Amino acid sequence: MHWAMADGPHGGVTVRPVDPDGTPAGPPHTYPHPADALRHHPTADRWIWPSTAAFYPRLLDAGITVPRCHDIEAGEAILLGHEGMWGLPRSLAAACARLRGLPVPDDPPPRSFGGEPESTLFDPEPATPHGIDDVLAVHAAQRDRIAASAAPHRLRLLLAAESAGMLVAAEMHRAGLPWRADVHDALLTELLGGRYPGGLEPPRLAELADDVSRAFGERVRPDLPAEVVRAFRKAGVRVTSTRKWELQDVDHPAVAPLLEYKKLYRLHTAHGWSWLQTWVHDGRFRPEYLPGGAMSGRWTTHGGGALQIPRVVRRAVVADEGWRLVVADADQMEPRVLAAVSGDPGLMAAADGTRDLYEALADRAFAGGRAEAKLALLGAIYGQTSGDALKYLADLRRRFPAAVAYVDEAARAGEEGRLVRSHLGRTCAPSEAADDGEAGLPQEDDGGGASARGGAAARARGRFARNFVVQASAAEWALCLLAALRQELAGMRAELVFFQHDEVIVHCPREEAPAVAKALTAASARAGEVMFGDTPVVFSFTTAVVECYADAK
DNA sequence: AGTCCTCACCGG
DNA sequence: AACTCCGGTGAGGACT
């Protein structure tokens, strides 16, 4: 039985059973706490609520998980995009107002999971509370909108997966990634030479800055790009920036200490002691995950840059005593997804097993080897406009015409401002509508609209759309995988603790590791089935059971 | 003093 | 070999 949940009187909740067709199946009940509702209705197998982020943490605090949910706000965002309306408020209140032709309120500023530091202090008073009947009405309307779409079963799957992602996000935030502050601190001390009190830079950085100045023969601050460029010019070296890839080809004694300085400076500012103190508490790093935070449906995070943990710092991610980390990385996820969504026979054949896709490609089709095959395929997905990838693109086009045509068509549609959708129906906003109106995507011309710049902007939109159909569909596959994995792990002590585009980490007791690996395989197969039916494409993982994240792959 | 912008790096 | 797609974050400087 499905149940709907809404804010109730005095901080409590109101719940009501819902028939499969979306109509009420019984009278409403009111409880002082959502956990009470869950205890009184244990047969509920899907909870329909306005926002997982608003309701679920309170349940998790009470030690309660739910099997499935329908997240009204998440669904609203996807449906609005699908209907070609971007930037509209997604809250239950907004959806309700649209339904009834009333003035639509703006969304409140994003709220934090769990109410860690500085979250709730400045939240405005909640808008007029919306009751259980509003939840039911918007839910029923969303069902109708799905049914009226071109591919209802796909959109239905997308909304279900996105809702499952919301559950996973809340659960992962609560579990946290095991993080050894002492190991991290030792690592920083080793690389930076210890930490000066009083905000001075660490010894190693000071040394390197001196080396740079000595090489230039004058005082140069390495963290000021303009100053570094000027110093190089004076030394007779013409550089346009201080980017690593430009500098590393320059023959000058300042280059080596400068690159080393930049590497360590980055570590110090982005993942140094300040980061450690801010983001790691009680042996856990708890970022806030935002499923669907990027237009492609990829997740984003808030706090601590959780999706950019540098390789060196992964040394500090260590399983608890007697526990293990199961680190699983999807093998060539995007190319395999391209094979499945495009239905290209040759590419599907290359992806029909667990062997390295690029190697299979090189064997079947290319004069070049694995590296060239990878370059060509990623170039096709990214819309590469220069470089070696173009050499192989013609070959790719000849051997895998359907796959290349698939991304080419997306690029054309993007350039022409048409709607572009992922496999399950997530929709790519034309750039004019991308960000609530004003400053859009890559282009920056408005008004006068010089046609030359308009052409460049159109091509940028083309590349965006070309990448979108692959990246968004891949994100959907990953989402389906997470949903399946979450169910496979139910009843075990194992916990999902990290997710990054094509990689998951499960923290589990040592003896559960084999079962977790099995669960991953099963979940991967289920994700492929629900998204693509009986496709020959195989989605495989490289799995490592380790005590320390840095020891995976 | 606070806000916005640029640069540069991290990850996928 | 080259810098193409996505995003988050911090420092520093220019601006109001």
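Because the structure is a prediction, the values reported are computed rather than measured. A, B, ... follow the sequence lines: proteins, then strands. Residue 1 opens every chain. When reading the values below, keep in mind they use all heavy atoms of this one structure, side chains included, and skip hydrogens, waters and symmetry mates.
- A:Q471 comes within contact range of at least one nucleobase, with a heavy-atom separation under 4.0 Å.
- Summarising the geometry of A:R233 relative to A:R238, their closest heavy-atom pair is NE-CA, 4.3 Å, with the distance given to 0.1 Å.
- Spacing between atom CG of A:D502 and atom C1' of C:dG7 amounts to 14 Å, rounded to whole angstrom units.
- Nucleic acid contact for A:G303: sugar-phosphate only, since backbone atoms but no base atoms lie under 4.0 Å from a heavy atom of the residue.
- The two residues A:A316 and A:V183 make their nearest non-hydrogen contact at CA-CG1, 3.8 Å.
- Under 3.5 Å, the side chains of A:E246 and A:T240 contain a donor-acceptor pair of N or O atoms.
- Scanning for side-chain hydrogen bond (donor to acceptor under 3.5 Å, both in side chains) contacts around A:D210 gives an empty result, with sequence neighbours left out.
- Between A:S163 and A:D71, the shortest heavy-atom contact is OG-N, 2.9 Å.
- At a threshold of 4.0 angstrom between heavy atoms, the contacts of A:G293 with the nucleic acid are absent.
- Counting any heavy atom pair closer than 4.0 Å across all strands shown, A:T269 reaches sugar-phosphate atoms only and no base atom.
- Heavy atoms of A:L224 sit under 4.0 angstrom from primed sugar atoms or phosphate atoms, though from no base atom.
- The distance from atom CG of A:L375 to atom P of C:dA2 is 10 Å, rounded to the nearest whole Å.
- Considering only side-chain atoms of A:R314, the nucleotide from B:dG11, C:dG12, B:dA8 that sits closest is B:dG11.
- Taking atom CZ on A:R459 and atom C1' on C:dC5, their separation rounds to 16 Å, with Å as the unit.
- Across A:D211 and A:P257, no two heavy atoms sit closer than the pair CB-CB, 3.8 Å.
- Looking at heavy-atom distances under 4.0 Å, A:L378 makes no contact with the nucleic acid at all.
- Map A:A306 and A:H501 each onto its nearest nucleotide of DNA chain C; the residue landing nearer the 5' end is A:H501.
- Atom pair A:Q500:CD and C:dC6:P shows a separation of 18 Å (rounding to whole Å applied).
- Nearest nucleotide to the side chain of A:P310, out of B:dG12, B:dC10, C:dG8: B:dC10.
- Listed by residue number, A:W245 are the residues of residues 240-252 of chain A with a heavy-atom contact under 4.0 Å to DNA chain C.
- Of the residues in residues 260-268 of chain A, those with a non-hydrogen atom less than 4.0 angstrom from any atom of DNA chain B are A:K262, A:R266.
- The CG-P distance, from A:L205 to C:dA11, rounds to 13 Å in whole Å.
- One can place CZ of A:R221 at 6 Å from P of C:dG12, the figure rounded to the nearest angstrom.
- Residues A:H82 and A:R421 bring a donor and an acceptor atom of their side chains to less than 3.5 Å of each other.
- The shortest distance between the side-chain N/O atoms of A:R298 and the OP1/OP2 oxygens of C:dG8 is not below 4.0 Å.
- Here the shortest heavy-atom pairing between A:E476 and A:L424 reads OE1-N, 3.1 Å.
- Note on A:R311: only backbone sugar-phosphate atoms sit closer than 4.0 angstrom, heavy atoms only; bases stay farther off.
- Classification of A:D331 and A:R336 as a salt-bridged pair fails, no side-chain N sitting under 4.0 Å from a carboxylate O.
- The CH2 atom of A:W279 sits 13 Å away from the C1' atom of C:dG10 (whole-angstrom rounding).
- Summarising the geometry, the separation between CD on A:E288 and C1' on C:dT9 is reported as 15 Å, rounded to the nearest angstrom.
- Under the 3.5 Å distance criterion, with hydrogens and angles disregarded, no donor-acceptor pair is assigned to the side chains of A:T542 and A:D329.
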